[in-house]
Engineer: 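Encoded as structure tokens, here's the structure I'll be asking about.
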Amino acid sequence: SSHQEIAKTIVDALLPHSGRAVRIGITGVPGVGKSTYIESFGLQLVQQGHRVAVLAVDPSSSKSGGSIMGDKTRMERLSLEQQAFIRPSPSGGTLGGVARRTRETMILCEAAGFDVIIVETVGVGQSETTVASMVDFFLVLMLAGAGDELQGLKKGVLELADAIAINKADGNNIENAKKAKNEYEKALSLLTPSSKIWSPPVLTCSAVTMDGIDDIWQTILDHRKKLEASGELAQKRSKQSLDWMWALVEEGLIDRFYQNPGVEKSLPNIVKSVEKGITGPTVAAHKLLYLHDLCFSESDYNG
């Protein structure tokens with residue numbers, strides 16, 4: 001549509017003016033207090049003179065009609081700050097679509113002068129991997145009492161982490177948080193770090209008392225400095241661009257598939273035939289994928 005064309009042109013024109021922000025991805029186990037953490041973290045950055053944008057990736061929001069992430073009321077104090085921008089997850093379903101709009105918003109925010117972008121994931125299915133592919137630093141928030149959490153954490157999320165932060169390390173929880181820190185350090189030592197020059201640390205913090213929040217920001221800055229010096233940041237950014245390209249290609253292929261006149265015509269019959277067990281799934285998929293041989297030639301060359 002013409003809107004999409006305009007959007008493409010705008011994003012493309014803004015790309016050269018973007019890319020200077022620190023891009024941080026944040027995920028966490030349910031109940032970890034992610035909103036409170038992001039709000040405390042954001043408020044602290046704003047006080048230091050940063051401009052902070054918080055973007056959410058929640059592909060499940062469209063299924064339930066309303067986003068589980070709720071709206072801006074989750075971070076009331078931060079949303080009142082002039083130097084902060086909070087955007088809930090765009091509705092419209094698929095992880096691909098939500099991620100595309102989040103990447104575009106990131107570019108807009110950076111071009112508008114936001115220098116810290118936080119992309120938060122609700123941790124549904126593939127969303128952590130997608131968010132990790134959009135950011136420079138991926139922070140995993142955990143709770144004290146590591147035994148249970150390690151079970152509840154999806155395998156692979158630890159491998160994405162550039163740091164683990166154990167939140168709610170306050171009051172009676174401080175001892176538990178120290179124990180959990182040891183557990184996670186052990187777990188991380190068994191993994192191959194994704195970078196040659198960075199071993200993910202385990203930090204403790206409290207979004208309520210603000211303890212340890214500054215250490216996390218310092219860790220993110222140290223990571224950035226090391227990656228910039230070694231050239232890994234540039235490589236990471238190139239990979240982010242390629243990931244974005246392939247995500248758009250995949251999304252585009254699916255759109256073109258469904259919009260194809262031959263597919264539109266044959267799909268209902270082929271679906272029925274598979275449901276009734278007349279055609280096998282592999283044969284049906286092959287038929288659908290290679291229909292274009294028949295119908296592209298008609299429409300593309302005569303149209």
Side-chain angles (χ1 to χ4, degrees), residues 11-28 37-38 40-55 57 83-85 99 102-121 128-141 156-165 184-185 188-189 191-205 212-247:
V11 171
D12 222 38
L14 291 178
L15 266 174
H17 306 284
S18 70
R20 283 183 288 278
V22 178
R23 299 172 177 177
I24 306 163
I26 297 183
T27 191
Y37 173 81
I38 291 174
S40 298
F41 186 55
L43 285 167
Q44 192 175 56
L45 291 172
V46 165
Q47 278 156 17
Q48 291 176 18
H50 292 285
R51 296 188 66 202
V52 181
V54 180
L55 315 175
V57 171
Q83 298 298 308
F85 168 68
T102 303
R103 282 181 167 110
E104 289 167 351
T105 309
M106 186 193 290
I107 300 302
L108 292 173
C109 289
E110 290 183 351
F114 286 89
D115 60 340
V116 180
I117 312 281
I118 296 170
V119 186
E120 114 177 78
T121 161
E128 280 114 346
T129 316
T130 302
V131 168
S133 78
M134 298 159 74
V135 298
D136 310 324
F137 190 97
F138 195 66
L139 178 67
V140 179
L141 290 179
V157 173
L158 279 189
E159 288 164 11
L160 298 170
D162 291 303
I164 289 177
Y184 288 124
E185 281 172 346
L188 282 175
S189 68
L191 298 173
T192 315
S194 57
S195 159
K196 292 183 189 69
I197 54 164
W198 183 259
S199 304
V202 181
L203 306 153
T204 55
C205 66
I213 301 277
D214 205 41
D215 296 344
I216 295 173
W217 176 238
Q218 205 41 60
T219 301
I220 293 169
L221 292 180
D222 291 348
H223 173 266
R224 188 179 181 82
K225 210 160 137 189
K226 282 188 175 170
L227 258 63
E228 267 179 338
S230 71
E232 265 189 51
L233 187 66
Q235 284 169 6
K236 213 165 184 174
R237 287 292 174 92
S238 307
K239 192 174 177 312
Q240 287 173 21
S241 297
L242 282 175
D243 284 339
W244 190 359
M245 179 191 82
W246 285 118

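These numbers were taken from a predicted model, which means no experiment stands behind them. Only heavy atoms go into these numbers, but all of them, side chains included; no hydrogens, no water, no symmetry mates.
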Engineer: In Å and rounded to the nearest 0.5 Å, what is the CD to CG distance from Gln48 to Leu43?
Structural biologist: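 The CD atom of Gln48 sits 11.5 Å away from the CG atom of Leu43.
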Engineer: Minimum heavy-atom separation for Val131 and Phe138, please, with both atom names.
Structural biologist: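 Closest pair (atom of Val131, atom of Phe138, distance): CG1-CE1, 3.9 Å.
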Engineer: Below 4.5 Å, heavy atoms only, C-beta onward: do Leu227 and Ile197 meet side chain to side chain?
Structural biologist: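 Touching, per the 4.5 Å side-chain cut-off.
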Engineer: Restricting to side chain to side chain donor-acceptor pair (under 3.5 Å), what partner residues turn up for Glu185, sequence neighbours left out?
Structural biologist: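 Lys181.
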Engineer: So, using ring-ring contact (aromatic ring centres under 6.0 Å, His included) as the criterion, who are the partners of His50 when residues are at least two apart?
Structural biologist: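 For His50, the residues satisfying ring-ring contact (aromatic ring centres under 6.0 Å, His included) (neighbours in sequence not counted) are Trp217.
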Engineer: Quick one: pull up CG in Asp214 and CG in Leu203 and give me the separation to the nearest 0.5 Å.
Structural biologist: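 Nearest 0.5 Å value for the CG-CG distance: 11.5 Å.
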Engineer: When you compare the side chain of Val57 with that of Thr130, does any pair of heavy atoms fall below 4.5 Å?
Structural biologist: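 They are not in side-chain contact.
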Engineer: Can you give me the closest heavy-atom contact between Ala84 and Phe114, atom names plus distance?
Structural biologist: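 For Ala84 versus Phe114, the nearest heavy atoms are C-CE2, 4.2 Å.
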Engineer: Using side-chain contact (heavy atoms from CB on, under 4.5 Å) as the criterion, list what pairs up with Ser241, not counting sequence neighbours.
Structural biologist: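 side-chain contact (heavy atoms from CB on, under 4.5 Å) check on Ser241 returns nothing, list empty.
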Engineer: What residues, two or more places apart in sequence or in another chain, satisfy side-chain contact (heavy atoms from CB on, under 4.5 Å) together with Leu108?
Structural biologist: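 Applying side-chain contact (heavy atoms from CB on, under 4.5 Å) to Leu108 gives Ile10, Leu14.
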Engineer: Among Ile117, Val52, Leu55, Val54, which one satisfies side-chain contact (heavy atoms from CB on, under 4.5 Å) with Phe85?
Structural biologist: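 For Phe85, the side-chain contact (heavy atoms from CB on, under 4.5 Å) check succeeds only for Leu55.
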Engineer: What residues, two or more places apart in sequence or in another chain, satisfy salt bridge (charged side-chain N to carboxylate O under 4.0 Å, His left out) together with Lys225?
Structural biologist: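 Salt bridge (charged side-chain N to carboxylate O under 4.0 Å, His left out) list for Lys225, sorted by chain: empty.
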Engineer: Answer yes or no: is there a side-chain heavy-atom contact under 4.5 Å between Leu15 and Ile107?
Structural biologist: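 They are in contact (side-chain heavy atoms under 4.5 Å apart), so the answer is yes.
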Engineer: Within a strict 4.5 Å, meaning less than it, do heavy atoms of the Leu191 and Leu188 side chains meet?
Structural biologist: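 When only atoms from C-beta onward are counted, Leu188 and Leu191 do touch, with a gap below 4.5 Å.
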Engineer: Is any side-chain heavy atom of Ile24 closer than 4.5 Å to a side-chain heavy atom of Val116?
Structural biologist: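 In contact.
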Engineer: Looking at residues at least two apart in the chain, or sitting in another chain, which of them share a ring-ring contact (aromatic ring centres under 6.0 Å, His included) with Tyr37?
Structural biologist: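 Checked Tyr37 against ring-ring contact (aromatic ring centres under 6.0 Å, His included); matches are Phe41.
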Engineer: According to salt bridge (charged side-chain N to carboxylate O under 4.0 Å, His left out), who are the partners of Glu110, at least two apart in sequence or on a separate chain?
Structural biologist: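 Per chain and number, Glu110 pairs via salt bridge (charged side-chain N to carboxylate O under 4.0 Å, His left out) with Arg23.
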Engineer: Does the plane of the ring in Phe137 sit parallel, tilted or perpendicular to the ring in Trp198? Use 30° and 60° as the thresholds.
Structural biologist: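 Rings of Phe137 and Trp198: perpendicular, over 60°.
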Engineer: Give, for atom CD1 of Ile38 and atom CG of Leu45, the distance between the pair rounded to the nearest 0.5 Å.
Structural biologist: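 Between Ile38 CD1 and Leu45 CG, I get 11.5 Å after rounding to 0.5 Å.
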Engineer: For Asp136, check salt bridge (charged side-chain N to carboxylate O under 4.0 Å, His left out) against everything at least two apart and list the hits.
Structural biologist: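 Only Arg224, Arg237 meet the salt bridge (charged side-chain N to carboxylate O under 4.0 Å, His left out) criterion with Asp136.
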Engineer: Mind checking what makes ring-ring contact (aromatic ring centres under 6.0 Å, His included) contact with Trp244, not counting sequence neighbours?
Structural biologist: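 Trp244: no ring-ring contact (aromatic ring centres under 6.0 Å, His included) contacts found.
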Engineer: Identify, with sequence neighbours excluded, every residue that meets side-chain contact (heavy atoms from CB on, under 4.5 Å) alongside Ala165.
Structural biologist: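 Checked Ala165 against side-chain contact (heavy atoms from CB on, under 4.5 Å); matches are Leu139, Leu141, Cys205, Ile216.
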Engineer: Under the side chain to side chain contact (heavy atoms under 4.5 Å, CB included) rule, what do Ile164 and Leu158 come out as? Steps first, then yes or no, please.
Structural biologist: CA-CA 8 Å; Ile164 289 177; Leu158 279 189; 3.2 Å; yes
Engineer: Kindly indicate, with the supporting measurements, whether the criterion side chain to side chain donor-acceptor pair (under 3.5 Å) is fulfilled by Glu232 and Ser195.
Structural biologist: CA-CA 8 Å; Glu232 265 189 51; Ser195 159; 3.0 Å; yes
Engineer: Can you tell me how far the CD atom of Gln235 sits from the CD atom of Gln240, to the nearest 0.5 Å?
Structural biologist: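 Going from the CD atom of Gln235 to the CD atom of Gln240 covers 12.5 Å.
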Engineer: Using side chain to side chain donor-acceptor pair (under 3.5 Å), reason through Gln83 and Asp115 one step at a time and then give a plain yes or no.
Structural biologist: CA-CA 10 Å; Gln83 298 298 308; Asp115 60 340; over 6 Å; no
Engineer: What distance separates Ile26 CD1 from Glu120 CD, expressed to the nearest 0.5 Å?
Structural biologist: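 Atom-to-atom, Ile26:CD1 and Glu120:CD are 7.5 Å apart.
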Engineer: Taking only residues two or more places apart in sequence or in another chain, which ones pass side chain to side chain donor-acceptor pair (under 3.5 Å) with Ser40?
Structural biologist: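 If we apply the side chain to side chain donor-acceptor pair (under 3.5 Å) test to Ser40, skipping adjacent residues, there are no hits.
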Engineer: Where is the tightest heavy-atom contact between Cys109 and Ala53, given as atom of each residue plus distance?
Structural biologist: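 Answer, listing the atom of Cys109 first, then Ala53: SG-CB, 3.9 Å.
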Engineer: Using only atom types and a distance under 3.5 Å, with no angle test, would you say the side chain of Arg51 pairs donor to acceptor with the backbone of Ala112?
Structural biologist: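 Yes; at least one donor-acceptor contact below 3.5 Å.
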Engineer: For the residue pair Asp162 and Pro201, what are the closest heavy atoms and their distance?
Structural biologist: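 That closest heavy-atom pairing would be O-CD, 3.3 Å.
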Engineer: Quick one: list whatever passes side-chain contact (heavy atoms from CB on, under 4.5 Å) with Ser133, sequence neighbours left out.
Structural biologist: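 Result, side-chain contact (heavy atoms from CB on, under 4.5 Å) vs Ser133: Arg103, Asp243.
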